[in-house]
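The next block holds one structure in the form of structure tokens; read it before the comments.
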Amino acid sequence: MRENLTQAIDRLTGVDSSVAVTSGGELFLRFISLTSLEHDKILTHSSSRVVLRVLVEAAAEKKRFTVYVTEPQPDSAG
């Protein structure tokens with residue numbers, strides 16, 4: 001999973017080299033690398049294809065966790 005995340009971050013920074021994308025990718029990689037996702041509770045704000053993909057891969061590896069997704073208003077995009 002770490003290799004896939006590193007490749008995704010490289011692709012994102014190749015398209016948008018802003019500090020936000022670079023530091024966000026690095027922080028996300030560190031967080032995912034440090035956690036085992038075993039019986040963890042995860043809070044995420046709104047919808048994210050990247051986060052969803054990571055969680056789907058973790059579930060495929062038989063990791064068990066609970067996800068809470070906040071819903072932004074007024075567009076309910078979460």
Side-chain angles (χ1 to χ4, degrees):
M1 185 182 320
R2 184 176 174 82
E3 182 179 324
N4 289 341
L5 286 172
T6 303
Q7 289 174 1
I9 291 167
D10 289 344
R11 286 184 188 165
L12 284 172
T13 54
V15 174
D16 181 353
S17 61
S18 69
V19 173
V21 171
T22 303
S23 61
E26 289 173 5
L27 286 171
F28 188 73
L29 182 60
R30 273 191 223 147
F31 169 75
I32 293 300
S33 299
L34 292 175
T35 184
S36 66
L37 285 179
E38 221 27 75
H39 305 291
D40 284 343
K41 292 179 177 75
I42 300 165
L43 174 65
T44 169
H45 178 68
S46 192
S47 179
S48 168
R49 289 178 293 175
V50 174
V51 172
L52 178 62
R53 180 66 183 218
V54 168
L55 297 175
V56 166
E57 284 192 32
E61 293 177 10
K62 306 294 186 214
K63 304 290 183 179
R64 296 293 169 237
F65 49 89
T66 303
V67 179
Y68 299 93
V69 182
T70 61
E71 183 174 68
Q73 294 294 327
D75 66 351
S76 300

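One-based numbering along the sequence shown.
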(Q) Return the NZ to NE2 distance between Lys63 and His39, rounded to the nearest 0.5 Å. (A) 10.0 Å
Q) Can you tell me how far the OH atom of Tyr68 sits from the OG1 atom of Thr44, to the nearest 0.5 Å? A) 13.5 Å
Q) Any link between Leu52 and Val67 through a network of hydrophobic side chains (Ile, Leu, Val, Met, Phe, Trp, Tyr) touching at under 4.5 Å? A) no
Q | Shortest non-hydrogen contact between Leu55 and Phe65, atoms and distance | A | O-CZ, 3.4 Å
